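Below is one structure, written out as structure tokens; comments come after it.
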Amino acid sequence: MTEQWVSVAKGNMKGIPFYEARGFVFQHERASYGNAEGEDYVSLRYFRKL
């Protein structure tokens, strides 16, 4: 394995600093997996090299 990806909910002010402190860097945002019709939850995608 040479890289690692994580998703964190937009606005999660505990998860975002946790991942950033461990070297993850924001890449992009996308609709959260499993959104039901009418839901608009957003996931932030973070990446780091191992």
Side-chain angles (χ1 to χ4, degrees):
M1 191 172 9
T2 60
E3 59 186 45
Q4 189 174 25
W5 287 84
V6 296
S7 294
V8 62
K10 187 173 186 176
N12 181 340
M13 296 316 295
K14 292 188 184 223
I16 294 168
F18 174 86
Y19 289 118
E20 289 178 346
R22 284 151 182 81
F24 285 89
V25 178
F26 174 76
Q27 299 297 306
H28 61 272
E29 61 180 60
R30 67 177 186 187
S32 291
Y33 177 78
N35 271 347
E37 188 173 333
E39 292 180 334
D40 59 353
Y41 297 110
V42 174
S43 288
L44 305 178
R45 298 285 289 156
Y46 282 79
F47 164 85
R48 73 175 174 182
K49 289 221 175 254
L50 298 177

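Any value given below was found using the heavy atoms of this structure, including those in side chains, with hydrogens, waters and symmetry copies removed. Here the structure is a predicted model, which is why all the values come from computation and not from measurement.
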Next item on the list: Determine, using the 4.5 Å side-chain heavy-atom cutoff (strictly less than), whether Phe47 and Phe18 are members of one ILVMFWY cluster.
Entry: no
Next item on the list: Any chance you could measure Arg45, atom CZ, to His28, atom NE2, to the nearest 0.5 Å?
Entry: 5.5 Å
Next item on the list: Considering non-hydrogen atoms only, spot the tightest contact between Gly11 and Ile16 and give its length.
Entry: N-CD1, 4.1 Å
Check: What's in the same ILVMFWY side-chain cluster as Leu50, cut-off under 4.5 Å, chained through other members?
Finding: Met1
Note to self: Among Tyr19, Trp5, Tyr46, which residue satisfies the ring-ring contact (aromatic ring centres under 6.0 Å, His included) criterion with Phe26?
What the structure shows: Tyr46
Check: Mind checking whether Arg30 and Ser7 have side chains closer than 4.5 Å, heavy atoms only?
Finding: yes
